[in-house]
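Order of the sequence lines sets the chain letters (A, B, ...), proteins ahead of strands, with each chain counted from 1.
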There are 2 protein chains.
Amino acid sequence: MRRTLSVVEYSGEEEVMAAVAKALSHPVRLKILKLLASQTCCFTGELTELIPMAQSTISQHLKALLEAGLIRGEINPPKVKYCINKENWLKASTLFARFFISSKKCHCDCG
Amino acid sequence: MRRTLSVVEYSGEEEVMAAVAKALSHPVRLKILKLLASQTCCFTGELTELIPMAQSTISQHLKALLEAGLIRGEINPPKVKYCINKENWLKASTLFARFFISSKKCHCDCG
DNA sequence: TAAGTTTATCGCAAATTTACGATTAATATT
DNA sequence: AATATTAATCGTAAATTTGCGATAAACTTA
């Protein structure tokens, strides 16, 4: 991909929020997060039974959520127990909340 | 792309939220939204001056934000005035807030 | 030790995203 | 009518995403 000569600068917040948003940008990942969140306790690989997708594909989506910091995986071979990463979840929640509140400043008449 | 034989079903909420998240998943689109939101009133095309990217690229990103419903464009040739779509902005805000709150149910010991 | 279970990773193909320059469209100005 | 301004669209190239099946890795159980 050709890149701009003068590179666009982003704030840390912009980078982090974009990364989290990207993790949330696929419906199956939202579904996975909701399933993990709805358990009274953490969860393992019933995901493969609940979601009709190849095991390798679900594993890939889990990896994306892990890398975004939204979930944690506790290895307990041969199983892995996934759950919400509460600390980062809270951070993400705050980030999005602040972002959406920020537009309240705008007092235009057009909508 | 090969598709799964049994198609995964998503709720309307999952689809909508994923689409909004996708619109928010690029730092330059976050920057654009912040710039639009920070204006006391609406905004025209200074974006090209504020963001060192090709005009066509910025136009593409604006289109993505338009299609996600996050902004509105008031055509006033040869200029176009963009601003936050407050109605959908509120909807998106609620969607994300509810989503993040939902994980509070999870009482696992692992995080 | 051999077979089974669970999950990650590899290799691949198709689709989508991202960015650019060039061009077009629509209107205002000279 | 000719030129200038602003923004969208087209065409293209490279990168990334998404999905699958096959295989590998790690540990249990027979």
Closest contact, heavy atoms only, [X] versus [Y]:
{"X": "B:I84", "Y": "B:L33", "value": "CD1-O, 3.9 Å"}
{"X": "A:I51", "Y": "A:L35", "value": "CD1-CD1, 4.1 Å"}
{"X": "B:P52", "Y": "A:V7", "value": "CG-O, 4.4 Å"}

May I have the list of side-chain donor-acceptor pairs in residues 19-26 of chain A shorter than 3.5 Å, sequence neighbours left out?
{"unit_1": "A:S25", "atom_1": "OG", "unit_2": "A:K22", "atom_2": "O", "d": "2.7"}
{"unit_1": "A:H26", "atom_1": "ND1", "unit_2": "A:V28", "atom_2": "N", "d": "3.0"}

Separation of atom [atom1] in [X] from atom [atom2] in [N], rounded to whole Å:
{"X": "B:N76", "N": "D:dA7", "atom1": "CG", "atom2": "C1'", "answer": "13 Å"}
{"X": "A:I32", "N": "D:dT18", "atom1": "CD1", "atom2": "P", "answer": "11 Å"}
{"X": "B:E67", "N": "D:dT9", "atom1": "CD", "atom2": "C1'", "answer": "13 Å"}
{"X": "A:M53", "N": "D:dG21", "atom1": "CE", "atom2": "P", "answer": "12 Å"}
{"X": "A:H61", "N": "D:dT16", "atom1": "NE2", "atom2": "P", "answer": "18 Å"}
{"X": "B:I58", "N": "C:dC20", "atom1": "CD1", "atom2": "C1'", "answer": "12 Å"}
{"X": "A:E49", "N": "C:dT6", "atom1": "CD", "atom2": "C1'", "answer": "12 Å"}
{"X": "A:H26", "N": "D:dT17", "atom1": "NE2", "atom2": "P", "answer": "12 Å"}

Got a list of protein N/O to nucleotides 8-10 of chain C N/O distances below 3.5 Å?
{"unit_1": "C:dA8", "atom_1": "OP1", "unit_2": "A:Y82", "atom_2": "OH", "d": "2.2"}
{"unit_1": "C:dA8", "atom_1": "OP2", "unit_2": "A:S59", "atom_2": "OG", "d": "2.8"}
{"unit_1": "C:dA8", "atom_1": "N7", "unit_2": "A:Q55", "atom_2": "NE2", "d": "2.9"}
{"unit_1": "C:dA8", "atom_1": "N6", "unit_2": "A:Q55", "atom_2": "OE1", "d": "3.0"}

- prompt: Ignoring hydrogens and geometry, is there a side-chain-to-backbone donor-acceptor pair from B:K34 to A:F99 under 3.5 Å?
  reply: no

field: Atom pair OG/CG of A:S102 and B:L30 - distance to nearest 0.5 Å
entry: 10.0 Å

query: Roughly how far, to the nearest 0.5 Å, is CD of B:Q60 from CD of B:Q55?
result: 10.5 Å

message: Side-chain N or O of B:K22 versus OP1/OP2 of C:dT17: is the shortest distance under 4.0 Å?
response: yes

field: Options C:dA19, D:dT5, D:dC20, nucleotide nearest the side-chain atoms of B:P78
entry: D:dT5

- request: Just compare C:dT6, C:dT17, D:dT17 and give me whichever is closest to any side-chain atom of A:K79.
  value: C:dT6

